[in-house]
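Notes follow the structure.
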Amino acid sequence: MSAPNIETIVSLSKRRGFVYPASEIYGGLGSSWDYGPLGVELANNIKNSFWRSVVYERDDIEGLDSAIIQNRLTWKYSGHEETFSDPMVDCRACKSRYREDKLLEEFGASTDHIGEGHTFASEGGGNSLKEARIKCPNCGEIDWTEPRPFNLMFRTTVGAVSADDDPAALAYLRPETAQGIFTNFANVLNTSRRKLPFGIAQIGKAFRNEVTPGNFIFRTREFEQMEIEYFVKPDEAPRAHQEWIDGFDRWLQSLGISKANLKHYEQTKEELAHYSERTVDILYRFFPERENEAKQWDELMGIANRTDFDLRVHSKKPEDADGKRINPDSTEDLSYFDTATNERFYPYIIEPSVGVNRTLLAVMMDAYEERINDKGETRVILKLTPEMAPIKVAVLPLAKNKPEIVEMAKRLKKDLQPTMRAVYDDTGGIGKLYARQDEIGTPFCVTIDHESLTDNAVTVRDRDTWEQERISVEELKNYLQMRLRA
Ligand code: GAP
């Protein structure tokens, strides 16, 4: 079982402290969300798992943390300034604003693609909304403006400038972490003394002024990406691409996401970004409540073969057909010299790119389960893997008015804490405390009762089976560590 819809997770998140609407006391800000005490732990667990599995457990990936605000030229030569836009339409009757491609996807028949449509999307041609007789979702009229491109990059100014629109001070918040990796290719290559194939991984915030954000943390204007740029010889790119697709399929399942809720989508030639030779999206069943099965899926991540586009456009040497340098501003040539073959070339890049926020949503949706207890009450259990669980163990005193029991429980919590995230809780009856821990995905509860004071043993309760086992205090840490690893 998984969550019946995103709304269930929105409500659980708010109720238990995973995710809150940002600046809620001032009415919120549409698509901004804050990660609460449990949300920040879950997001960190996802990021740590990504980093461990690619940077530590492989021998061919280096880490990087590049700046959010880069020289504007980065975005000129990457193509973002010119083309990173969504086709925007307005309803003339009620002035509501929409993304044309998303309206067509939702109400029209013209596109089957259900992934991120906007990356370097081309301008909409003609008024296809009118032709498809698509009504404004707000007022029901069919009176659309022609679609026009809306650049998604957030603009800012750098330094103390007198005018907000001073072009010399204009800068952008990065819309992807990838470009900071490309511009550092030579730095990392030279300082780490790497040879192809190798990759650079980065985790960080990205910003896009989305026309229609929504579906909770699925599409927001501020989000976090985990990206790898993997540099290979051109003829090795297709095989490496497939290996990364298969590898990320396995990684997503290792987070507890079931195979039945994941599928691949091969982008068509028309959908491919201009830099891509092949892109495969991994989709998750974010909308299980939709009747039409095809519309239940949306993009969790993308894995692209970006060819040698990126290193070429940021290099000073390449020329166009007329012999003109394509990048007269760059001071570096980002080509690679292969000492084995004495050849110089621009490496191809395989790019797996996955959102932290969408992964968190998928992990929570997939872990969600409801169960009826002996009293006929519905209980929520978040069956997170031990690695994902924000809290690994909760230590609960059976009687909070008995100082010896409270003291023993607090001591046990302290003993466990250096090796696993443990909490102490005495704010309710034991049934309520168990239910609360089930709902936030804590794999084990440890209860200290009157007998514990004499037999030096505690009760360990399993979240998934609700079975209880008596374990001696000396064995407790090893026992929990073993069960958490299993
Ligand atoms: N460097 C390639 C790139 O940025 P993308 O498909 O635009 O590709 C990669 O983004 C991933 O980032 C997506 O698959 C998604 O998980 C996440 N993402 C993109 N836009 C997002 C948004 N507005 N809100 C939340 N996550 C987003």
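Both counts, for ligands and for their atoms, begin at 1 and track the order of listing.
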Would you mind listing which atoms of ligand 1 come within a distance below 4.0 Å of any non-hydrogen atom of [X]?
{"X": "Met301", "result": "14 (O)"}
{"X": "Glu227", "result": "1 (N), 2 (C), 3 (C), 4 (O)"}
{"X": "Glu351", "result": "1 (N), 2 (C)"}
{"X": "Leu300", "result": "14 (O), 15 (C), 16 (O)"}
{"X": "Glu176", "result": "1 (N), 2 (C), 3 (C), 4 (O)"}

Q | Ring-face cation of Arg358 near Phe218 (centre distance under 6.0 Å, axis angle within 45°) | A | yes
Sequence neighbours excluded, the answer for side-chain hydrogen bond (donor to acceptor under 3.5 Å, both in side chains) partners of Asn305 is none
* Backbone N or O of Gly302 within a donor-acceptor pair of the Ser353 side chain at under 3.5 Å? -> no
- prompt: Do Arg16 side-chain atoms and Ile440 backbone N/O form a donor-acceptor pair below 3.5 Å?
  reply: no
Under 3.5 Å: N/O of [X] near N/O of ligand 1:
{"X": "Arg219", "value": "no"}
{"X": "Tyr275", "value": "no"}
{"X": "Gly355", "value": "yes"}
{"X": "Asn357", "value": "no"}
{"X": "Gln225", "value": "yes"}

### Task
Would you indicate whether the side-chain heavy atoms of Cys136 and Trp144 approach each other to under 4.5 Å?
yes
The salt bridge (Lys or Arg N to Asp or Glu O under 4.0 Å) partner of Lys102 among Glu100, Glu105, Glu106 is Glu105
Note: Glu299, heavy atoms under 4.0 Å from ligand 1, region reported as side chain
With heavy atoms and a 4.0 Å threshold, my read on which part of Glu210 contacts ligand 1 is side chain
Filtering Asp281, Thr359, Thr220 for the heavy atom nearest atom 24 (N) of ligand 1 leaves Thr220
Check your understanding: When the aromatic ring centroids of Phe309 and His274 are compared, is their separation below 6.0 Å?
Key -> yes
Sorted by chain and number, sequence neighbours left out, side-chain contact (heavy atoms from CB on, under 4.5 Å) with Asp90 holds for Arg97, Thr145, Arg148
dist Arg99:CZ -> Thr212:OG1 (nearest 0.5 Å) comes out at 5.5 Å
